[in-house]
Structures are given as C-alpha cells and as structure tokens.
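Since this is a predicted model, take the numbers as computed values, not measurements.
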Amino acid sequence: MASWQRTHTCGELRAEHAGQAVVLNGWVNTYRNQGGLVFIDLRDRYGVTQVVFESERVELLKAAQELRSEFVVSIRGQVSRRLEGKENKDLATGAVEVKAHELTILNRCPTPPFEVTEFAAQELANEDLRLQYRYLDLRRPSLQRTLMMRHRLCKVIRDHLDQQGFLEVETPLLGRSTPEGARDYLVPSRVFPKSWFALPQSPQLYKQLLMVAGYDKYFQIARCLRDEDLRADRQPEFTQLDMEMSFVEMDDVFAVIEGLTSAVFQQCLGVSIPLPLPRLRYADAMLRYGNDKPDLRYGLEIAELSDLAAQTEFQVFRGTLESGGKVRGLNVVAAADKFSRKGLDELGEVVKRYNAKGLAWIKVEADKFTSPIEKFLPAPVQQALRERLSAKAGDLLLIVADKEDTVCQALGNLRAHLANVLKLIDPEKLDYKVAWVIDFPSFIRDEEENRWAANHHPFTAPMDEDLAKLESDPGSVRAKAYDLVINGYECGGGSIRIHNPDVQQRLFSVLGMSREQAQERFGFLLDALKFGAPPHGGIALGIDRWAMMLARTGNIRDVIAFPKNQKARDLMTGAPGAVDAKQLKELGL
RNA sequence: GGGGGCGUAGCUCAAUUGGUUAGAGUACCGGACUGUCGAUCCGGUGGUUGCGGGUUCGAGUCCCGUCGCCCUCGCCA
C-alpha cells in the first residue's frame, strides 16, 4: 500500500476514533489560514472532515499555507476530539478533527472556473459553464447525493424485481429502424453500404419476443434514444425500467408496479405510498385537470359548465357551444383579492398561449358577481355556477370557452400556473401523489394525414368489449393501456399487448397499413405472434423522471451524470463533432 | 421552425432618461493573525459589457443582424 493511501473516508470519523492514526484522501473544500494555525476542510464523496495544521511543525504549516481549493491531498495524522465548545454540529464528523503529521499533495488545481464548495442559498454558476466542466460540478455534494439516490433507486428496483422472479435480459442497441414513433438515431453499416442500424427508442419489440420465447417475467434497465427536441424533463438519451410479463391482465401489471412503487419510496425516502394507487380514467383526467398527467398535489379542479353556458345570453359562450365547443371553468378559492385587473390580464395571457381566445373571470361576493360578463348571466345560472363550483364569497371563478382540446390545454396549463403563483406546492414537503391513468383511446385522429394513428403504439390491445367497434368506430375504442403519473409527470406507461396475429392485422388495417406494409415493417413480430405467443403485457418506467421525483428537482440534467444540453450537444466533449474523411469513406458516405 | 427570458471582472450580480474614469460581493495575488469552520482585518491585480454593424457630440443602455444558454409550442407511437 502506498504511503498516501487512505485508512478512512472523509465522512467516517467520529468521537470514538479519537487517538487513532489515520490517513485521509480528498479535495480541499475550504481553507482557513490563521497564521500559526491552518484549518482545511477535506472533502470526498462520503463527507467533510476538518484537518488542523499546528505551529509545532513549522515546515508542515508552511506547506499547508500553500493549499488552495480543489487540491487533491493525502493527510496522515491523528484523530483528536475537538476542544470543548469547538465542535461543529453542522458536520457529521464535527466532533473530531485530524491533527496533521504529514501532507502529500497528490495533485494541484488551478483556480476553478466556478466554486465547487457549496453553501446555503448561493447562486450556482451558469449551467453551460458547469456542463463544460461537468467533472467539477459533479464534485458538488448535492449532485453527488442525487446520483447516489439514482443508484439507490436502481438497486431497489433490481432487488425487488429479482425477489419477484423477474429476469434481467439485455437487448440490442443496434437494431432496425421502424416507422412511426420518434425520429431514430441512425448508425451506418460498414459492411452493407447505404444500410443503417437504428438505436432503440425502447426495447418494445424485443421484450415481446422474449415473451414469445417463454421468459415469462423480464426486466431491463435500458438506455433509449430518440432524436427529438429536448425539454427540462427530456433528454435524447434516457433510461427506462422496461418490463414485460406473460399470462397477465392489467391488474397483474398494476400489482407488480404498485409493490415496486411502495418499495422504492419506502427505501429511498422513507415515504409510505398508500396502496392501491388511485385510477383515473383518461376522459376524467382531461375534464377535471385538462391533462393526462395531472398533478394531484393540489385541487383547482375543472368543472363542465357547458349546460349552464347554454342558458346565458353571452354570445361567446353560445357561439362556442353551437360550433361544438365546450365551456369549462375552475374555482380559485379565496383568490378574488389576489388578482388585480393586471393580474387577471396576465392569467388571460396564459390561456392565450395555449390558443384559447380569452379568459372570463368572476369575482364572487356574498350576494352578487363582479365580472365583465355578469350582465349576461341570469340569476338562476349564477346560483347554479355557485353550486357547481362550490363558490363562496371571496372566490375567483375562471372560465374558458373554446374547442374541447383547447379548453383542456388552456385550463390545464392555467391550473398549473395558478398552483405555481399561489404557491400551492410546499417544496419542503415530501408530498407524492402517484396514480394510474387508464381507459386511453386506442386511436387518435391525425388530421394532417387524414387517418387514424395509434395513441400508445400499434401493439396495444384494445379493450375486449370494444373489439367489435374496431373497424366501425375506431375513435370510441379504448386501449388496455395505462400511464403512471407522479406529481404531474408521466413517469411510466405500458399496455397489454395484442397476442393474436389476426387482431394485430386488423389493427394495422385501421392504421391504414396494408398486409404487405405490415409484413415489411413488423414481419418478424407478426411471425413470432403466430408461433404460440402467450398473452402478455408490460410497462416502462422513466428512470430519469423517477430520479427527478426522488431528488426533488425539475431538471433532468441533475439526475444524469453527463447530460446533453438543450440542443443535444455535450458541452464537455463537444459531441457531436466532425469525423475523419477516412472514416466516412469506409462507411461509404 | 415559432414564442418568451438571459448574456457586464474567473464566478454571482449592479450601473437613474443615452452622459464623468463601468461598480459591489466573492475568487485570485500580497500582508497580518494560534481555535477557525462561508474565518477575520489591511492592501492590490482583474473588463473586447457575447460578436458584428448602425443611430448619436456621446451606447452596457436605443436600432438591425448574428452567436450561445435556458424555458416553452410544435415534436416526443
């Protein structure tokens, strides 16, 4: 063992170690030079320990005075209880310090481009600078805690699923491009010029083939790649817990995931999630929350007001209803005096951003409404509005009239905006609202291409009772599909698959795919279904988003060690970059 | 591709209506200091105001263009 190698980590030493000779390795977190006395806070992944250099060792003290932030050092010394009253209660190791006997500078460090040392309430440096020097940013304890939490998440998942009899199987990264879905990342083949592999958007087809192969309970923590634009919760390269089970229906998948959810929150955060998880029908979610991934930590539920709007003289409402639109609204309890005319205008801007034409508002008083549209609302309608929205004096009612999907979008986003400005979410509270969203429609209308498109994916089984309407009324067919929603994020989604080749073929037909086209694109799957495919279904959980929930961050880059920026560029390595002409030539490009 | 926000010292920010030599904290450098813990005190270095052009007697500030970063719409079966 080299003389500088550590005996303990920087998070380890306690009062009971007093008197022991130790060696610590780590980075200089802070230094406090007092002339005849130098203190160093030494940092590693496990914690921080104070090292003290005393005046008896003149040369050593002089060397310690040269130390700067982020130097990597080895300290040989003796653990010592701190002087009475000098303990640091903010530090796990604060009862002790290490009296240095020997200092080895393992590596020096220039002044870092930003401070690594973390303090409460400090402003972080620009994110692009921190991404450029990601290895420095990753030294920050808060980021280290986040990645440790992510490790814990994956560890709990693997242990739990192993106990439940699941088998982890890897599937290819180099696969075949399949149409529909996200844009593929493509990889050229050297051996077959002008031919391309696609990186997987998900292991979807492989896991179904594993079911055909009899593996029964499969999982994989799998990297997925989609060449689409990024968001705060979306990276081009992300990780799914991919799962599939044979001989199951929806309730079996729910039971497994609910057990897993409970284990994860209990073991990662000590939080109990009440089971069974609530189930929300898609149509109800859209009506009540304007969103298929509602944040259930606060109310502000949307109510249908179309029937009442029909009884008014307000042309905007009546015109909307006559052209098939909807009138819906929500009650912002006790908020009438929280929004000035200017504040209400800003709320109007929010809904306009989502294409709504405008926002009607009503300030509720004990015996009357104050509102620009009050004169159009007959007394019985006013009374009915009070009842429908449980309105009391001091409440603020907000109403949108438009096409149904516009109303949902506008009010759904308004709801989130209100929760934000009214601070309805306590960031300190470990509050998790987990729910299933079910009863999704199988198909959505692609108006541009004038055809039906798969809402989930084309291998999703329709509800048995809707099977007869597959050709006659595709829009009314519901799917055996389900999403798992946590605090307003879609954290998982899956379905029971079609295991019958005839049903699969009928579904392709609805999607406007001929037998030949289907064979061309998914022939291997259709063939496999013929060879004794068991009934099967599964789900994929977004590991990055789960990690965001557990780490309580809204930024997916916080839970990925080396993320891409919003343009899908790696600011640290500079990828993507040019390649040699020789490489291109070999690939026939 | 569209909308919004941002870009000033290594870092975080300020700079009245367009007006003197662009400031502060921190970091960094030098000095003092034997119980500090975001040490303290004294002194100092540090600026292509993202880049290019324009308007003006005068531009960090106004205009045009451009680059970069973040949020968002579209997109993400």
Side-chain angles (χ1 to χ4, degrees), chain A residues 29-42 48-56 61 65 68-70 80 82-91 93-94 97 99 110-133 136 178-184 201-202 204-205 224-236 238 349-350 352-355 409 413 416-417 440 442-444 446 448 452-460 479 481 490 493 495 507 511 513 521-522 540 542 554-555 557 564-569 571:
Chain A
N29 193 48
T30 54
Y31 57 93
R32 295 176 288 282
N33 181 356
Q34 258 187 227
L37 201 58
V38 171
F39 297 94
I40 298 288
D41 285 351
L42 202 60
V48 169
T49 299
Q50 174 166 286
V51 178
V52 56
F53 294 85
E54 294 171 310
S55 55
E56 293 82 63
L61 185 70
Q65 285 170 330
R68 291 295 179 271
S69 297
E70 304 310 318
S80 163
R82 292 201 188 180
L83 303 177
E84 186 83 27
K86 301 294 183 186
E87 299 90 353
N88 186 343
K89 292 194 171 51
D90 298 330
L91 218 54
T93 59
E97 62 196 359
K99 288 187 190 295
T111 303
F114 55 88
E115 278 182 77
V116 174
T117 309
E118 286 194 315
F119 308 110
Q122 78 180 337
E123 301 276 357
L124 291 176
N126 269 338
E127 197 184 8
D128 47 336
L129 186 72
R130 289 185 286 120
L131 286 173
Q132 188 187 340
Y133 297 94
L136 295 180
T178 51
E180 301 195 71
R183 197 176 293 113
D184 283 321
Q201 297 174 23
S202 79
Q204 178 62 38
L205 296 174
C224 305
L225 299 109
R226 296 178 187 176
D227 186 7
E228 298 293 347
D229 285 341
L230 283 70
R231 288 287 185 282
D233 62 350
R234 256 162 50 185
Q235 283 270 305
F238 62 102
E349 291 306 313
V350 171
K352 280 178 190 158
R353 234 175 278 154
Y354 298 94
N355 298 321
Q409 274 232 330
N413 285 291
H417 176 82
F440 284 90
S442 281
F443 306 99
I444 46 169
D446 185 336
E448 267 180 37
W452 291 101
N455 190 16
H456 189 57
H457 61 57
F459 319 109
T460 300
E490 182 192 326
S495 63
L507 203 121
L511 296 175
M513 223 184 285
R521 293 171 182 178
F522 304 111
N555 181 347
R557 294 179 295 278
K564 307 285 189 287
N565 77 355
Q566 211 201 11
K567 286 272 185 65
R569 188 153 65 149
L571 293 175

message: Check this for me: does the side-chain of A/Glu54 come within 3.5 Å of the base of B/rU34 through a donor and an acceptor?
response: no
Could you write out each protein N or O paired with an N or O of nucleotides 3-7 of chain B at a distance under 3.5 Å?
none

field: Pairwise P distance for B/rG19 and B/rG60, with rounding to whole Å
entry: 10 Å
query: For B/rC41, which nucleotide in any strand shown is its Watson-Crick or wobble partner with both distances under 3.5 Å?
result: B/rG31
task: For A/Asn413 and for A/Gln122, locate the closest nucleotide of RNA chain B by heavy-atom distance; then report the residue assigned to the nucleotide nearer the 5' terminus.
output: A/Gln122
query: What interatomic distance, in whole Å, is found between C1' of B/rC29 and the corresponding atom of B/rG46?
result: 10 Å
message: Between B/rA24 and B/rA14, how far apart are the two C1' atoms, rounded to whole Å?
response: 7 Å
query: Under the 3.5 Å rule, do the base of B/rC75 and the side chain of A/Arg234 count as making a donor-acceptor pair?
result: yes
field: Per A/Gln409 side chain, nearest of listed nucleotides B/rC76, B/rG74, B/rU12
entry: B/rG74
task: Would you classify A/Asn355 as touching base, sugar-phosphate or nothing, given that sugar-phosphate means primed atoms plus P, OP1 and OP2, and contacts are heavy atoms under 4.0 Å?
output: nothing
query: For the side chain of A/Glu118 and the base of B/rG38, is some donor closer than 3.5 Å to an acceptor across the two?
result: no
task: Could you check how far CG of A/Asn33 sits from P of B/rC33, rounded to whole Å?
output: 10 Å
message: Can you identify which nucleotide, out of B/rG68, B/rC11, B/rG30, has its nearest atom closest to the A/Ala125 side chain?
response: B/rC11
- prompt: For A/Leu124, which contact category applies under a 4.0 Å heavy-atom criterion: base, sugar-phosphate, or nothing?
  reply: sugar-phosphate
query: Which value, in whole Å, describes the distance between the C1' atoms of nucleotides B/rU17 and B/rU56?
result: 15 Å
Nearest-angstrom distance, C1' atom, B/rC76 to B/rG5: 24 Å
message: Give me the atom names and distance for the closest heavy-atom approach of A/Leu136 to A/Pro113.
response: CD1-CD, 3.6 Å
message: So does A/Gly85 get a backbone contact from the side chain of A/Glu87, meaning a donor-acceptor N/O pair under 3.5 Å?
response: yes
query: Quick one: CG on A/Leu571 to CZ on A/Arg130, what's the gap to the nearest 0.5 Å?
result: 11.5 Å
message: By the 4.0 Å heavy-atom rule, please label A/Gln566 as base, sugar-phosphate, or nothing.
response: base
message: Please classify the nucleic acid contact of A/Pro458 as base, sugar-phosphate, or nothing, using heavy-atom distances under 4.0 Å.
response: base
- prompt: Which part of the nucleic acid, if any, lies within reach of A/Ser202 when heavy atoms closer than 4.0 Å are counted: base, sugar-phosphate only, or nothing?
  reply: base
- prompt: What is the distance from CD of A/Gln65 to P of B/rC33, rounded to the nearest Å?
  reply: 10 Å
- prompt: Is B/rG74 paired to anything, Watson-Crick or G-U wobble with both distances less than 3.5 Å, and if yes, which nucleotide?
  reply: none
query: Heavy atoms under 4.0 Å, any strand shown: does A/Asp128 hit a base, just sugar-phosphate, or nothing?
result: sugar-phosphate
message: Taking the C1' atom in each of B/rA39 and B/rU45, what is the distance between them to the nearest angstrom?
response: 23 Å
statement: note: A/Asp446, atom CG; B/rC76, atom C1'; distance rounded to Å ~ 14 Å
task: Determine the contact category for A/Glu349: base if any of its heavy atoms lies under 4.0 Å from a base atom, sugar-phosphate if only primed atoms, P, OP1 or OP2 are that close, otherwise nothing.
output: nothing
message: Are A/Asn455 and A/Phe443 packed together at the side-chain level, in the sense that at least one heavy-atom pair is separated by less than 4.5 angstrom?
response: no
- prompt: Looking for any heavy atom pair under 4.0 Å, which part of the strands does A/Lys564 touch: base, sugar-phosphate only, or nothing?
  reply: nothing
task: Tell me whether the OP1 or OP2 atom of B/rA39 has a side-chain N or O from A/Thr30 closer than 4.0 Å.
output: yes
query: When rounded to the nearest Å, what value does the distance between P atoms of B/rG7 and B/rA15 take?
result: 11 Å
task: Determine the contact category for A/Leu131: base if any of its heavy atoms lies under 4.0 Å from a base atom, sugar-phosphate if only primed atoms, P, OP1 or OP2 are that close, otherwise nothing.
output: nothing
Length of the CD-P vector between A/Gln204 and B/rC76, whole Å: 17 Å
- prompt: Picking from B/rC13, B/rG1, B/rU36, which would you name as closest to the side chain of A/Gln50?
  reply: B/rU36
query: Any sub-3.5 Å donor-acceptor pair from A/Arg557's side-chain atoms to A/Asn565's backbone N or O?
result: no
field: Any A/Tyr31 side-chain N or O less than 4.0 Å from OP1/OP2 of B/rC28
entry: yes
query: Of the nucleotides B/rU36, B/rC70, B/rC75, which has the atom closest to the A/Glu97 side chain?
result: B/rU36
field: Test item: A/Gln235 and A/Leu230 side chains (from C-beta on) under 4.5 Å apart, heavy atoms
entry: yes
field: Between B/rC11 (C1') and A/Glu127 (CD): distance, integer Å
entry: 16 Å
message: Minimum heavy-atom separation for A/Ala481 and A/Phe440, please, with both atom names.
response: O-CD1, 3.8 Å
query: For B/rG7, which nucleotide in any strand shown is its Watson-Crick or wobble partner with both distances under 3.5 Å?
result: B/rC67
message: Please determine whether a side-chain nitrogen or oxygen atom of A/Asn88 lies at a distance below 4.0 Å from atom OP1 or OP2 of B/rC37.
response: no
query: Would you call A/Arg234 and A/Glu228 a salt bridge, using N to O less than 4.0 angstrom?
result: no
- request: Considering just the side-chain nitrogens and oxygens of A/Arg32, establish if one lies under 4.0 Å of OP1 or OP2 belonging to B/rC33.
  value: no
message: Can you tell me which nucleotide in B/rC69, B/rC28, B/rG35 comes closest to the side chain of A/Gln34?
response: B/rG35
Closest to the A/Tyr354 side chain, choosing from B/rC70, B/rC11, B/rC73: B/rC73
- request: Please state whether the phosphate of B/rU36, meaning OP1 or OP2, lies under 4.0 angstrom from any side-chain nitrogen or oxygen of A/Lys86.
  value: yes
statement: From the candidates B/rC75, B/rU36, B/rC69, the one with an atom nearest any side-chain atom of A/Phe39 is B/rU36
message: Whether the side chain of A/Gln65 engages the backbone of A/Gly35 through a donor-acceptor N/O pair (distance < 3.5 Å, no angle test) should be reported.
response: yes
message: If you only use heavy atoms from C-beta on, which nucleotide in B/rC13, B/rC69, B/rC76 is closest to the side chain of A/Ala182?
response: B/rC76
query: Is A/Phe443 touching bases, backbone alone, or none of the nucleic acid, heavy atoms closer than 4.0 Å?
result: nothing
- request: State, yes or no, whether a side-chain contact exists between A/Asn29 and A/Glu118 at a heavy-atom distance under 4.5 Å.
  value: no
query: Choosing from B/rU72, B/rA39, B/rC70, which nucleotide comes nearest the side chain of A/Arg231?
result: B/rU72
query: With distance as the sole test, does A/Ser80 use its side chain to make a donor-acceptor pair with the main-chain N or O of A/Glu97 at under 3.5 Å?
result: no
- request: Considering only atom P, compute the distance from B/rU49 to B/rG10 and round it to an integer number of Å.
  value: 12 Å
query: Could a donor-acceptor pair under 3.5 angstrom be found where the side chain of A/Arg82 meets the base of B/rC37?
result: yes
query: For the side chain of A/Pro113, counting heavy atoms from C-beta on, which of B/rC71, B/rC29, B/rG10 is nearest?
result: B/rG10
message: Counting the atoms with a prime plus P, OP1 and OP2 as sugar-phosphate, which does A/Asn455 contact under 4.0 Å by heavy atoms, base, sugar-phosphate, or nothing?
response: sugar-phosphate
message: Can you tell me the base-pairing partner of B/rU36? Count Watson-Crick or G-U wobble geometry only, both distances below 3.5 Å, and say none if there is no partner.
response: none
field: Nucleotide opposite B/rA59 in a Watson-Crick or G-U pair, distances under 3.5 Å
entry: none
A/Gln201 (side chain) donor-acceptor with A/Ala182 (main chain) under 3.5 angstrom: yes
- request: Looking at every strand, decide which applies to A/Arg130 at a 4.0 Å heavy-atom threshold: base, sugar-phosphate, or nothing.
  value: nothing
